[in-house]
Protein chains: 2
Amino acid sequence: MKILIVEDEAKTGDYLKQGLSEAGFTADLVRNGLDGMHEGLSGEFDLLILDVNLPGLDGWQVLKALRAAGRDLPVLFLTARDQVEDRVKGLELGADDYLVKPFAFSELLARVRTLLRRGRAKEPERLALADLELDVLKRRATRAGQRIDLTAKEFALLELFLRRQGEVLARSFIASQVWDMNFDSDTNVIEVAIRRLRAKVDDDFTPKLIHTLRGMGYVMEIR
Amino acid sequence: MKILIVEDEAKTGDYLKQGLSEAGFTADLVRNGLDGMHEGLSGEFDLLILDVNLPGLDGWQVLKALRAAGRDLPVLFLTARDQVEDRVKGLELGADDYLVKPFAFSELLARVRTLLRRGRAKEPERLALADLELDVLKRRATRAGQRIDLTAKEFALLELFLRRQGEVLARSFIASQVWDMNFDSDTNVIEVAIRRLRAKVDDDFTPKLIHTLRGMGYVMEIR
DNA sequence: ATGCAGCCATGAAAATCCTCATCGTCGAAG
DNA sequence: CTTCGACGATGAGGATTTTCATGGCTGCAT
(Lines give C-alpha, C1' and ligand atoms only; values in the text may rest on other atoms or scores of the structure.)
Protein backbone atom coordinates (compact mmCIF):
# COMPACT_ATOMS: atom_id res chain seq x y z
CA MET A 1 0.00 0.00 0.00
CA LYS A 2 1.44 3.36 -1.01
CA ILE A 3 0.86 6.41 1.10
CA LEU A 4 1.70 9.98 0.18
CA ILE A 5 2.51 12.38 2.98
CA VAL A 6 2.33 16.10 2.33
CA GLU A 7 3.90 17.87 5.28
CA ASP A 8 6.24 20.82 5.38
CA GLU A 9 7.47 20.56 8.91
CA ALA A 10 10.53 18.37 8.70
CA LYS A 11 10.28 16.63 12.05
CA THR A 12 6.64 15.68 11.68
CA GLY A 13 7.12 14.51 8.11
CA ASP A 14 10.09 12.32 8.89
CA TYR A 15 8.37 10.91 11.91
CA LEU A 16 5.33 9.95 9.88
CA LYS A 17 7.32 8.49 7.04
CA GLN A 18 9.46 6.40 9.31
CA GLY A 19 6.57 5.23 11.43
CA LEU A 20 4.48 4.22 8.47
CA SER A 21 7.39 2.45 6.84
CA GLU A 22 8.02 0.49 10.00
CA ALA A 23 4.36 -0.45 10.01
CA GLY A 24 4.78 -2.00 6.60
CA PHE A 25 3.54 0.72 4.28
CA THR A 26 5.38 2.37 1.48
CA ALA A 27 5.45 6.04 2.32
CA ASP A 28 6.57 8.95 0.18
CA LEU A 29 7.03 12.40 1.57
CA VAL A 30 6.81 15.75 -0.15
CA ARG A 31 7.21 19.06 1.63
CA ASN A 32 4.90 21.47 -0.15
CA GLY A 33 1.47 21.70 -1.66
CA LEU A 34 2.53 21.91 -5.28
CA ASP A 35 4.56 18.73 -5.18
CA GLY A 36 1.75 17.15 -3.22
CA MET A 37 -0.72 17.97 -5.93
CA HIS A 38 1.50 16.62 -8.68
CA GLU A 39 2.26 13.41 -6.88
CA GLY A 40 -1.36 13.01 -5.90
CA LEU A 41 -2.47 13.42 -9.50
CA SER A 42 -0.11 10.67 -10.59
CA GLY A 43 -2.59 8.18 -9.26
CA GLU A 44 -0.08 5.79 -7.79
CA PHE A 45 -1.04 6.30 -4.16
CA ASP A 46 -3.71 4.56 -2.13
CA LEU A 47 -3.96 7.15 0.59
CA LEU A 48 -3.05 10.75 1.13
CA ILE A 49 -2.04 12.29 4.44
CA LEU A 50 -2.34 16.01 4.07
CA ASP A 51 -1.29 18.78 6.37
CA VAL A 52 -3.59 21.79 6.22
CA ASN A 53 -0.87 24.32 6.85
CA LEU A 54 1.47 24.36 3.93
CA PRO A 55 3.53 27.15 2.43
CA GLY A 56 2.18 28.30 -0.91
CA LEU A 57 -0.58 25.95 -1.94
CA ASP A 58 -2.33 24.88 1.27
CA GLY A 59 -3.96 21.57 2.09
CA TRP A 60 -7.42 22.65 1.10
CA GLN A 61 -6.32 23.81 -2.29
CA VAL A 62 -4.48 20.56 -2.90
CA LEU A 63 -7.52 18.57 -1.92
CA LYS A 64 -9.82 20.66 -4.06
CA ALA A 65 -7.55 20.25 -7.08
CA LEU A 66 -7.39 16.50 -6.63
CA ARG A 67 -11.12 16.07 -6.30
CA ALA A 68 -11.69 18.36 -9.27
CA ALA A 69 -9.44 16.10 -11.32
CA GLY A 70 -11.56 13.15 -10.26
CA ARG A 71 -9.00 11.55 -7.96
CA ASP A 72 -10.89 9.44 -5.51
CA LEU A 73 -8.30 8.27 -3.03
CA PRO A 74 -9.02 8.54 0.70
CA VAL A 75 -7.57 11.63 2.35
CA LEU A 76 -6.60 12.04 5.99
CA PHE A 77 -6.30 15.65 7.06
CA LEU A 78 -3.92 16.92 9.69
CA THR A 79 -5.14 20.09 11.34
CA ALA A 80 -3.13 22.18 13.71
CA ARG A 81 -5.74 22.87 16.32
CA ASP A 82 -9.14 21.56 17.15
CA GLN A 83 -10.92 24.27 15.21
CA VAL A 84 -14.36 23.08 14.31
CA GLU A 85 -14.43 25.23 11.18
CA ASP A 86 -11.26 23.61 9.91
CA ARG A 87 -12.67 20.17 10.35
CA VAL A 88 -15.94 20.97 8.72
CA LYS A 89 -14.27 22.74 5.84
CA GLY A 90 -11.97 19.78 5.29
CA LEU A 91 -14.78 17.28 5.39
CA GLU A 92 -16.87 19.32 3.00
CA LEU A 93 -14.04 19.50 0.54
CA GLY A 94 -13.92 15.75 0.55
CA ALA A 95 -11.52 14.71 3.26
CA ASP A 96 -12.37 11.35 4.78
CA ASP A 97 -10.99 11.77 8.24
CA TYR A 98 -8.90 14.21 10.15
CA LEU A 99 -6.53 14.20 13.05
CA VAL A 100 -5.69 17.04 15.37
CA LYS A 101 -2.04 17.69 16.09
CA PRO A 102 -0.41 16.71 18.28
CA PHE A 103 -1.60 13.14 18.06
CA ALA A 104 -0.48 9.70 19.13
CA PHE A 105 1.04 7.71 16.33
CA SER A 106 -1.05 4.68 17.19
CA GLU A 107 -4.10 6.82 16.57
CA LEU A 108 -2.90 7.77 13.12
CA LEU A 109 -2.12 4.18 12.30
CA ALA A 110 -5.60 3.09 13.31
CA ARG A 111 -7.20 5.69 11.08
CA VAL A 112 -4.95 4.90 8.17
CA ARG A 113 -5.90 1.24 8.41
CA THR A 114 -9.59 2.05 8.61
CA LEU A 115 -9.42 4.30 5.58
CA LEU A 116 -7.50 1.78 3.53
CA ARG A 117 -9.98 -0.91 4.43
CA ARG A 118 -13.15 0.97 3.68
CA GLY A 119 -11.93 3.36 1.01
CA ARG A 120 -13.52 6.74 0.48
CA ALA A 121 -16.31 7.44 2.92
CA LYS A 122 -19.41 8.44 1.03
CA GLU A 123 -21.38 8.96 4.18
CA PRO A 124 -20.23 10.68 7.32
CA GLU A 125 -19.96 8.01 9.96
CA ARG A 126 -22.90 8.28 12.31
CA LEU A 127 -23.97 6.11 15.18
CA ALA A 128 -27.39 6.46 16.73
CA LEU A 129 -29.91 4.97 19.09
CA ALA A 130 -33.33 6.50 19.72
CA ASP A 131 -32.75 10.26 19.72
CA LEU A 132 -29.11 9.95 20.67
CA GLU A 133 -26.70 10.54 17.82
CA LEU A 134 -22.96 10.49 17.54
CA ASP A 135 -21.06 11.90 14.60
CA VAL A 136 -17.81 10.02 14.88
CA LEU A 137 -15.89 12.24 12.51
CA LYS A 138 -16.90 15.53 13.96
CA ARG A 139 -16.67 14.04 17.44
CA ARG A 140 -20.02 15.48 18.30
CA ALA A 141 -22.94 13.99 20.19
CA THR A 142 -26.54 15.17 20.35
CA ARG A 143 -29.59 13.94 22.17
CA ALA A 144 -33.05 15.16 21.21
CA GLY A 145 -31.26 17.64 19.00
CA GLN A 146 -29.37 19.08 21.93
CA ARG A 147 -25.62 19.31 21.62
CA ILE A 148 -23.66 17.32 24.21
CA ASP A 149 -20.01 17.99 24.95
CA LEU A 150 -17.98 14.93 25.74
CA THR A 151 -14.48 14.46 27.08
CA ALA A 152 -12.11 12.00 25.46
CA LYS A 153 -12.96 9.11 27.77
CA GLU A 154 -16.67 9.81 27.62
CA PHE A 155 -16.53 9.84 23.86
CA ALA A 156 -14.64 6.57 23.71
CA LEU A 157 -17.09 4.97 26.08
CA LEU A 158 -20.16 6.20 24.23
CA GLU A 159 -18.73 5.16 20.90
CA LEU A 160 -18.12 1.69 22.28
CA PHE A 161 -21.67 1.45 23.57
CA LEU A 162 -23.17 2.61 20.32
CA ARG A 163 -21.09 0.27 18.22
CA ARG A 164 -22.18 -2.59 20.44
CA GLN A 165 -25.73 -1.59 21.17
CA GLY A 166 -27.83 -4.40 22.55
CA GLU A 167 -24.74 -6.32 23.62
CA VAL A 168 -23.87 -6.79 27.25
CA LEU A 169 -20.46 -5.27 27.84
CA ALA A 170 -18.53 -6.78 30.72
CA ARG A 171 -16.41 -4.45 32.76
CA SER A 172 -13.30 -6.31 31.75
CA PHE A 173 -14.18 -5.74 28.12
CA ILE A 174 -14.87 -2.07 28.63
CA ALA A 175 -11.62 -1.72 30.53
CA SER A 176 -9.65 -3.32 27.76
CA GLN A 177 -11.25 -1.19 25.06
CA VAL A 178 -11.41 2.20 26.69
CA TRP A 179 -8.52 2.06 29.13
CA ASP A 180 -6.23 -0.49 27.48
CA MET A 181 -6.23 -2.07 30.89
CA ASN A 182 -6.28 -5.51 32.19
CA PHE A 183 -9.16 -5.24 34.53
CA ASP A 184 -8.69 -6.14 38.12
CA SER A 185 -11.40 -5.13 40.50
CA ASP A 186 -9.52 -2.75 42.66
CA THR A 187 -10.75 0.45 41.21
CA ASN A 188 -14.11 1.76 40.25
CA VAL A 189 -13.06 3.99 37.39
CA ILE A 190 -15.58 2.33 35.18
CA GLU A 191 -18.54 2.96 37.46
CA VAL A 192 -17.48 6.57 37.77
CA ALA A 193 -17.07 6.97 34.04
CA ILE A 194 -20.49 5.42 33.46
CA ARG A 195 -21.89 7.82 35.99
CA ARG A 196 -20.45 10.79 34.16
CA LEU A 197 -21.69 9.55 30.84
CA ARG A 198 -25.14 8.91 32.22
CA ALA A 199 -25.25 12.39 33.66
CA LYS A 200 -24.75 13.81 30.20
CA VAL A 201 -26.62 11.33 28.09
CA ASP A 202 -29.41 9.87 30.20
CA ASP A 203 -30.14 11.98 33.26
CA ASP A 204 -32.20 14.66 31.54
CA PHE A 205 -33.79 12.42 28.92
CA THR A 206 -36.24 9.59 28.38
CA PRO A 207 -35.98 6.78 27.66
CA LYS A 208 -32.84 5.79 29.51
CA LEU A 209 -30.37 4.10 27.23
CA ILE A 210 -27.61 2.84 29.52
CA HIS A 211 -28.73 -0.08 31.67
CA THR A 212 -26.94 -1.94 34.41
CA LEU A 213 -27.00 -5.72 34.47
CA ARG A 214 -26.09 -6.78 37.94
CA GLY A 215 -23.08 -9.03 37.99
CA MET A 216 -22.66 -8.85 34.23
CA GLY A 217 -21.97 -5.34 33.02
CA TYR A 218 -23.83 -2.72 31.03
CA VAL A 219 -25.95 -2.58 27.87
CA MET A 220 -27.04 0.28 25.71
CA GLU A 221 -30.52 -0.27 24.28
CA ILE A 222 -34.07 1.04 24.25
CA ARG A 223 -36.11 -0.55 26.96
CA MET B 1 9.30 -18.58 23.33
CA LYS B 2 7.11 -20.38 25.85
CA ILE B 3 5.48 -18.48 28.65
CA LEU B 4 3.68 -19.96 31.61
CA ILE B 5 0.90 -17.94 33.17
CA VAL B 6 -0.25 -18.77 36.67
CA GLU B 7 -3.44 -16.85 37.35
CA ASP B 8 -6.63 -17.96 39.04
CA GLU B 9 -8.94 -15.21 37.96
CA ALA B 10 -10.45 -16.43 34.72
CA LYS B 11 -10.83 -13.14 32.93
CA THR B 12 -7.32 -11.94 33.63
CA GLY B 13 -5.80 -15.28 32.71
CA ASP B 14 -7.63 -15.57 29.41
CA TYR B 15 -6.83 -12.00 28.56
CA LEU B 16 -3.15 -12.57 29.14
CA LYS B 17 -3.03 -15.84 27.27
CA GLN B 18 -4.81 -14.43 24.27
CA GLY B 19 -2.82 -11.24 24.20
CA LEU B 20 0.51 -13.02 24.45
CA SER B 21 -0.49 -15.53 21.79
CA GLU B 22 -1.44 -12.73 19.45
CA ALA B 23 1.94 -11.17 20.12
CA GLY B 24 3.60 -14.32 18.86
CA PHE B 25 4.42 -16.15 22.08
CA THR B 26 3.34 -19.61 23.08
CA ALA B 27 1.41 -19.18 26.28
CA ASP B 28 0.14 -21.84 28.65
CA LEU B 29 -2.25 -21.04 31.45
CA VAL B 30 -2.78 -22.80 34.75
CA ARG B 31 -5.19 -21.61 37.39
CA ASN B 32 -3.60 -22.52 40.72
CA GLY B 33 -0.27 -22.54 42.48
CA LEU B 34 0.23 -26.29 42.58
CA ASP B 35 -0.16 -26.73 38.83
CA GLY B 36 2.00 -23.66 38.39
CA MET B 37 4.77 -25.23 40.42
CA HIS B 38 4.63 -28.53 38.56
CA GLU B 39 4.63 -26.90 35.15
CA GLY B 40 7.33 -24.51 36.19
CA LEU B 41 9.53 -27.38 37.38
CA SER B 42 9.16 -29.10 34.02
CA GLY B 43 11.70 -26.66 32.66
CA GLU B 44 10.07 -26.13 29.33
CA PHE B 45 9.18 -22.48 29.84
CA ASP B 46 11.27 -19.42 29.17
CA LEU B 47 9.31 -17.06 31.36
CA LEU B 48 6.85 -17.23 34.19
CA ILE B 49 4.06 -14.77 34.84
CA LEU B 50 2.90 -15.30 38.36
CA ASP B 51 -0.05 -13.86 40.22
CA VAL B 52 0.64 -13.32 43.91
CA ASN B 53 -2.88 -14.05 45.01
CA LEU B 54 -3.65 -17.67 44.35
CA PRO B 55 -5.88 -20.10 46.16
CA GLY B 56 -3.93 -22.74 48.08
CA LEU B 57 -0.28 -22.34 47.20
CA ASP B 58 0.32 -18.61 46.66
CA GLY B 59 2.70 -16.93 44.26
CA TRP B 60 5.47 -16.52 46.77
CA GLN B 61 5.45 -20.18 47.68
CA VAL B 62 5.53 -21.17 44.03
CA LEU B 63 8.47 -18.88 43.39
CA LYS B 64 10.32 -20.11 46.45
CA ALA B 65 9.85 -23.72 45.44
CA LEU B 66 11.10 -23.05 41.93
CA ARG B 67 14.18 -21.22 43.07
CA ALA B 68 14.88 -23.90 45.67
CA ALA B 69 14.82 -26.46 42.87
CA GLY B 70 17.35 -24.39 40.98
CA ARG B 71 15.03 -23.19 38.23
CA ASP B 72 16.46 -20.01 36.89
CA LEU B 73 13.83 -18.69 34.52
CA PRO B 74 12.81 -15.05 34.72
CA VAL B 75 9.68 -14.37 36.75
CA LEU B 76 7.27 -11.50 36.36
CA PHE B 77 5.08 -10.95 39.40
CA LEU B 78 1.55 -9.60 39.31
CA THR B 79 0.56 -7.86 42.51
CA ALA B 80 -2.89 -6.65 43.35
CA ARG B 81 -2.10 -3.26 44.77
CA ASP B 82 0.91 -1.09 44.93
CA GLN B 83 1.97 -2.41 48.29
CA VAL B 84 5.62 -1.75 48.77
CA GLU B 85 6.04 -4.76 51.05
CA ASP B 86 4.64 -7.06 48.39
CA ARG B 87 7.05 -5.78 45.83
CA VAL B 88 10.03 -6.01 48.08
CA LYS B 89 9.11 -9.48 49.23
CA GLY B 90 8.68 -10.65 45.66
CA LEU B 91 11.96 -9.17 44.56
CA GLU B 92 13.79 -10.69 47.50
CA LEU B 93 12.40 -14.09 46.71
CA GLY B 94 13.87 -13.80 43.27
CA ALA B 95 11.25 -12.21 41.06
CA ASP B 96 12.72 -10.20 38.24
CA ASP B 97 10.03 -7.66 37.72
CA TYR B 98 6.53 -6.97 38.87
CA LEU B 99 3.46 -5.27 37.58
CA VAL B 100 0.67 -3.71 39.58
CA LYS B 101 -2.87 -4.56 38.57
CA PRO B 102 -4.67 -3.12 36.80
CA PHE B 103 -2.09 -2.58 34.08
CA ALA B 104 -2.01 -1.78 30.39
CA PHE B 105 -1.31 -4.79 28.25
CA SER B 106 1.32 -2.91 26.30
CA GLU B 107 3.16 -2.40 29.56
CA LEU B 108 3.17 -6.12 30.26
CA LEU B 109 4.37 -6.88 26.77
CA ALA B 110 7.24 -4.45 27.13
CA ARG B 111 8.37 -6.06 30.35
CA VAL B 112 8.03 -9.56 29.00
CA ARG B 113 10.24 -8.65 26.07
CA THR B 114 12.81 -7.04 28.33
CA LEU B 115 12.94 -10.06 30.59
CA LEU B 116 13.26 -12.49 27.71
CA ARG B 117 16.04 -10.44 26.23
CA ARG B 118 18.14 -9.98 29.31
CA GLY B 119 17.23 -13.11 31.25
CA ARG B 120 17.30 -13.18 35.02
CA ALA B 121 18.25 -9.91 36.57
CA LYS B 122 21.04 -10.41 39.01
CA GLU B 123 21.05 -6.80 40.01
CA PRO B 124 18.09 -4.61 40.73
CA GLU B 125 17.93 -2.10 37.93
CA ARG B 126 19.22 1.24 39.12
CA LEU B 127 19.90 4.40 37.26
CA ALA B 128 21.90 7.19 38.82
CA LEU B 129 23.68 10.44 38.24
CA ALA B 130 25.53 12.31 40.97
CA ASP B 131 23.45 11.86 44.11
CA LEU B 132 20.24 11.27 42.16
CA GLU B 133 19.14 7.66 42.06
CA LEU B 134 16.25 5.89 40.46
CA ASP B 135 15.27 2.36 41.31
CA VAL B 136 13.36 1.39 38.21
CA LEU B 137 11.82 -1.71 39.72
CA LYS B 138 10.60 -0.14 42.90
CA ARG B 139 9.69 3.03 41.04
CA ARG B 140 11.41 5.10 43.61
CA ALA B 141 13.66 8.10 43.25
CA THR B 142 16.00 9.66 45.79
CA ARG B 143 18.29 12.61 45.74
CA ALA B 144 20.94 13.08 48.42
CA GLY B 145 19.25 10.21 50.20
CA GLN B 146 15.94 12.03 50.28
CA ARG B 147 12.93 10.23 48.94
CA ILE B 148 11.20 11.88 45.99
CA ASP B 149 7.66 11.03 44.95
CA LEU B 150 7.07 11.11 41.23
CA THR B 151 3.92 10.94 39.16
CA ALA B 152 3.70 8.62 36.18
CA LYS B 153 4.76 11.22 33.65
CA GLU B 154 7.51 12.55 35.84
CA PHE B 155 8.85 9.07 36.31
CA ALA B 156 8.79 8.35 32.61
CA LEU B 157 10.59 11.59 31.90
CA LEU B 158 13.24 11.08 34.54
CA GLU B 159 13.84 7.51 33.45
CA LEU B 160 14.31 8.71 29.89
CA PHE B 161 16.80 11.35 30.99
CA LEU B 162 18.78 8.93 33.10
CA ARG B 163 18.94 6.30 30.40
CA ARG B 164 20.20 8.92 28.00
CA GLN B 165 22.36 10.97 30.28
CA GLY B 166 24.76 13.22 28.46
CA GLU B 167 22.68 13.03 25.29
CA VAL B 168 20.78 16.01 24.02
CA LEU B 169 17.12 15.11 23.87
CA ALA B 170 15.11 17.03 21.32
CA ARG B 171 11.57 17.94 22.25
CA SER B 172 10.24 15.86 19.43
CA PHE B 173 12.10 12.86 20.77
CA ILE B 174 10.87 13.40 24.30
CA ALA B 175 7.34 13.80 23.02
CA SER B 176 7.50 10.55 21.11
CA GLN B 177 8.93 8.64 24.06
CA VAL B 178 6.95 9.98 26.96
CA TRP B 179 3.71 11.06 25.31
CA ASP B 180 3.61 8.76 22.29
CA MET B 181 2.91 11.96 20.47
CA ASN B 182 3.83 13.39 17.21
CA PHE B 183 5.22 16.66 18.32
CA ASP B 184 3.71 19.77 16.89
CA SER B 185 4.64 23.03 18.47
CA ASP B 186 1.27 24.14 19.61
CA THR B 187 1.53 23.14 23.19
CA ASN B 188 4.10 23.53 25.88
CA VAL B 189 3.40 20.35 27.80
CA ILE B 190 7.04 19.45 27.67
CA GLU B 191 8.25 22.69 29.18
CA VAL B 192 5.67 22.32 31.91
CA ALA B 193 6.63 18.74 32.58
CA ILE B 194 10.29 19.68 32.73
CA ARG B 195 9.40 22.42 35.14
CA ARG B 196 7.62 19.99 37.44
CA LEU B 197 10.46 17.53 37.29
CA ARG B 198 13.02 20.23 37.99
CA ALA B 199 11.02 21.41 40.97
CA LYS B 200 11.33 17.97 42.50
CA VAL B 201 14.75 16.93 41.34
CA ASP B 202 16.85 20.07 40.91
CA ASP B 203 15.32 23.04 42.72
CA ASP B 204 16.48 22.17 46.21
CA PHE B 205 19.75 20.57 45.24
CA THR B 206 23.20 21.21 43.80
CA PRO B 207 24.51 20.60 41.27
CA LYS B 208 21.68 21.06 38.80
CA LEU B 209 21.31 18.05 36.55
CA ILE B 210 18.75 19.11 33.95
CA HIS B 211 20.10 21.65 31.50
CA THR B 212 18.42 23.54 28.71
CA LEU B 213 20.08 23.80 25.33
CA ARG B 214 18.45 26.65 23.54
CA GLY B 215 17.02 25.62 20.24
CA MET B 216 18.00 21.99 20.73
CA GLY B 217 16.38 20.44 23.75
CA TYR B 218 17.53 19.24 27.16
CA VAL B 219 20.40 17.22 28.61
CA MET B 220 20.87 15.55 31.92
CA GLU B 221 24.46 15.67 33.09
CA ILE B 222 26.81 17.01 35.75
CA ARG B 223 28.13 20.38 34.79
C1' DA C 1 -40.75 -11.48 56.03
C1' DT C 2 -36.21 -10.19 57.55
C1' DG C 3 -31.45 -9.87 57.42
C1' DC C 4 -27.28 -10.11 55.04
C1' DA C 5 -23.74 -9.75 51.59
C1' DG C 6 -22.30 -8.34 47.38
C1' DC C 7 -22.70 -5.14 43.88
C1' DC C 8 -23.41 -0.78 42.25
C1' DA C 9 -24.32 4.40 42.48
C1' DT C 10 -22.98 8.61 43.87
C1' DG C 11 -20.90 12.86 45.53
C1' DA C 12 -16.90 14.93 46.91
C1' DA C 13 -12.05 15.42 47.30
C1' DA C 14 -7.65 14.78 45.46
C1' DA C 15 -4.30 14.05 42.00
C1' DT C 16 -2.60 14.74 37.75
C1' DC C 17 -2.15 16.86 33.58
C1' DC C 18 -2.78 20.53 30.20
C1' DT C 19 -3.60 25.37 28.70
C1' DC C 20 -2.84 29.98 28.81
C1' DA C 21 -0.80 34.40 29.66
C1' DT C 22 3.09 36.62 31.03
C1' DC C 23 7.70 37.32 32.05
C1' DG C 24 12.68 36.62 31.66
C1' DT C 25 16.78 35.56 29.24
C1' DC C 26 19.92 34.47 25.60
C1' DG C 27 22.13 35.50 21.44
C1' DA C 28 22.48 37.63 17.14
C1' DA C 29 22.49 41.93 14.61
C1' DG C 30 23.34 46.57 14.22
C1' DC D 1 26.97 48.00 24.02
C1' DT D 2 22.27 48.04 23.15
C1' DT D 3 18.18 46.43 21.10
C1' DC D 4 15.17 43.15 19.41
C1' DG D 5 13.13 38.82 18.69
C1' DA D 6 12.75 34.16 19.60
C1' DC D 7 12.76 30.71 22.84
C1' DG D 8 12.07 29.00 27.19
C1' DA D 9 10.44 29.45 32.24
C1' DT D 10 6.97 29.98 35.25
C1' DG D 11 2.68 30.47 37.95
C1' DA D 12 -1.98 30.17 37.97
C1' DG D 13 -6.21 28.39 36.38
C1' DG D 14 -8.94 24.80 34.65
C1' DA D 15 -10.27 20.41 32.91
C1' DT D 16 -10.18 15.74 33.32
C1' DT D 17 -9.64 11.64 35.56
C1' DT D 18 -9.00 8.78 39.61
C1' DT D 19 -9.63 7.65 44.41
C1' DC D 20 -12.25 7.26 48.37
C1' DA D 21 -16.04 6.88 51.55
C1' DT D 22 -20.64 6.15 52.04
C1' DG D 23 -25.10 4.60 51.22
C1' DG D 24 -28.71 2.16 48.56
C1' DC D 25 -30.51 -1.69 46.19
C1' DT D 26 -31.14 -6.62 44.84
C1' DG D 27 -31.51 -11.24 45.46
C1' DC D 28 -30.63 -15.03 48.26
C1' DA D 29 -30.55 -17.43 52.68
C1' DT D 30 -32.51 -17.92 56.96
Side-chain angles (χ1 to χ4, degrees), chain A residues 9 11 80-83 100-104 139 148-158 168-172 174-175 177-204 208-219, chain B residues 9 11 80-83 100-104 139 148-158 168-172 174-175 178-204 208-219 223:
Chain A
E9 201 204 331
K11 279 184 280 188
R81 306 231 59 207
D82 195 4
Q83 303 287 15
V100 176
K101 296 195 268 189
F103 52 83
R139 308 245 131 194
I148 298 177
D149 280 328
L150 297 173
T151 68
K153 281 252 151 53
E154 289 160 2
F155 184 89
L157 191 54
L158 181 56
V168 179
L169 306 185
R171 281 136 205 283
S172 58
I174 296 175
Q177 298 292 306
V178 179
W179 277 263
D180 182 31
M181 269 200 173
N182 165 22
F183 185 67
D184 209 78
S185 52
D186 214 14
T187 165
N188 70 337
V189 265
I190 296 188
E191 279 88 345
V192 176
I194 295 272
R195 171 80 198 93
R196 284 201 317 267
L197 186 57
R198 274 177 165 155
K200 292 190 177 176
V201 156
D202 263 354
D203 277 9
D204 305 335
K208 305 303 178 201
L209 298 176
I210 301 174
H211 306 281
T212 305
L213 298 187
R214 257 186 120 67
M216 321 206 62
Y218 300 91
V219 211
Chain B
E9 202 205 329
K11 279 183 280 190
R81 302 230 61 203
D82 196 5
Q83 304 286 16
V100 176
K101 296 196 271 188
F103 52 82
R139 307 242 132 198
I148 298 177
D149 279 327
L150 297 172
T151 68
K153 281 254 152 58
E154 289 160 4
F155 184 89
L157 192 53
L158 180 55
V168 178
L169 306 184
R171 281 137 204 283
S172 58
I174 296 175
V178 177
W179 277 264
D180 181 31
M181 269 196 172
N182 165 20
F183 185 67
D184 208 77
S185 50
D186 213 13
T187 167
N188 70 337
V189 265
I190 295 188
E191 279 89 344
V192 176
I194 294 271
R195 171 79 198 93
R196 284 201 317 266
L197 186 57
R198 274 177 165 156
K200 292 190 178 177
V201 155
D202 262 354
D203 277 9
D204 305 335
K208 306 303 179 203
L209 298 177
I210 301 173
H211 306 281
T212 305
L213 298 187
R214 258 184 121 67
M216 322 207 61
Y218 300 90
V219 212
R223 275 269 168 79

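Below, all heavy atoms of this structure are taken into account, side chains as well, without hydrogens, waters or symmetry copies. We name chains A, B, ... by the order of the sequence lines, and we start the count at 1 in each one.
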Taking only N/O atoms, report every protein-nucleotides 4-6 of chain D pair under 3.5 Å with atom names and distance.
| from | atom 1 | to | atom 2 | distance (Å) |
| --- | --- | --- | --- | --- |
| D/dA6 | N3 | B/R214 | NH2 | 3.3 |

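- For the atom pair CD1 (A/I148) and CZ (A/F155), the distance works out to 12.0 Å, reported to the nearest 0.5 Å.
- Per the geometry, CE belonging to A/M181 stands 11 Å off C1' belonging to D/dT17, to the nearest Å.
- Across the protein-nucleic acid pair, A/D149 atom CG and D/dG14 atom P stand 18 Å apart, rounded to whole Å.
- Between the CD1 atom of B/I174 and the P atom of C/dC17 there is a distance of 16 Å, given to the nearest Å.
- Residue B/T151 has its side chain nearest to C/dT16 when only C/dC18, C/dT16, D/dT16 are considered.
- Side-chain atoms of B/D202 come within 3.5 Å of backbone atoms of B/L209 as a donor-acceptor pair (strictly under, hydrogens ignored).
- Here B/R214 pairs with nothing under the side-chain contact (heavy atoms from CB on, under 4.5 Å) rule; sequence neighbours left out.
- Distance alone, capped at 3.5 Å, places no donor-acceptor pair between the A/Q177 side chain and the A/I174 backbone.
- Using a 4.0 Å cut-off between charged nitrogen and carboxylate oxygen, A/D204 and A/R198 do not count as a salt-bridge pair.
- Taking atom CG on A/D180 and atom P on D/dT18, their separation rounds to 13 Å, with Å as the unit.
- Atom pair B/I190:CD1 and C/dC20:C1' shows a separation of 17 Å (rounding to whole Å applied).
- Whole-Å rounding puts the A/L213 CG to C/dC8 P distance at 10 Å.
- Considering CD1 of A/I194 and CG of A/L157, their distance stands at 5.0 Å, rounded to 0.5 Å.
- The C1' atoms of five pairs define one axis at each end of the helix from C/dA1-D/dT30 to C/dG30-D/dC1, and these two axes lie 10° apart (to 10°).
- In this structure A/N188 satisfies the side-chain contact (heavy atoms from CB on, under 4.5 Å) test together with A/E191, A/V192, sequence neighbours excluded.
- Atom-to-atom, CG of A/L197 to C1' of D/dT17 comes out at 14 Å; the value is rounded to the nearest Å.
- Checked by atom type and distance alone, the side chain of A/K200 pairs as donor or acceptor with a backbone atom of A/D149 at under 3.5 Å.
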For nucleotides 9-12 of chain C, which of its nitrogen or oxygen atoms have a protein nitrogen or oxygen under 3.5 Å away, and what is each distance?
| from | atom 1 | to | atom 2 | distance (Å) |
| --- | --- | --- | --- | --- |
| C/dA9 | OP1 | A/R198 | NH1 | 2.8 |
| C/dA9 | OP1 | A/T212 | OG1 | 2.5 |
| C/dA9 | OP2 | A/Y218 | OH | 2.6 |
| C/dT10 | O4 | A/N188 | ND2 | 3.0 |
| C/dG11 | OP2 | A/R195 | NE | 3.4 |
| C/dG11 | OP2 | A/R195 | NH2 | 3.2 |

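- With sequence neighbours left out, the side-chain contact (heavy atoms from CB on, under 4.5 Å) criterion links A/V189 to A/W179, A/T187.
- When every heavy atom of A/L197 is checked against every heavy atom of A/E154, the shortest pair comes out as CD1-O, 4.0 Å.
- Distance OG/A/S172 to CD/B/E9: 8.5 Å, rounded to 0.5 Å.
- Across the protein-nucleic acid pair, A/H211 atom NE2 and D/dC25 atom C1' stand 18 Å apart, rounded to whole Å.
- Of the side-chain N and O atoms in B/W179, one or more sit less than 4.0 angstrom from OP1 or OP2 of C/dC18.
- Phosphate contact (OP1/OP2 of D/dT18, side-chain N/O of A/T187, threshold under 4.0 Å): absent.
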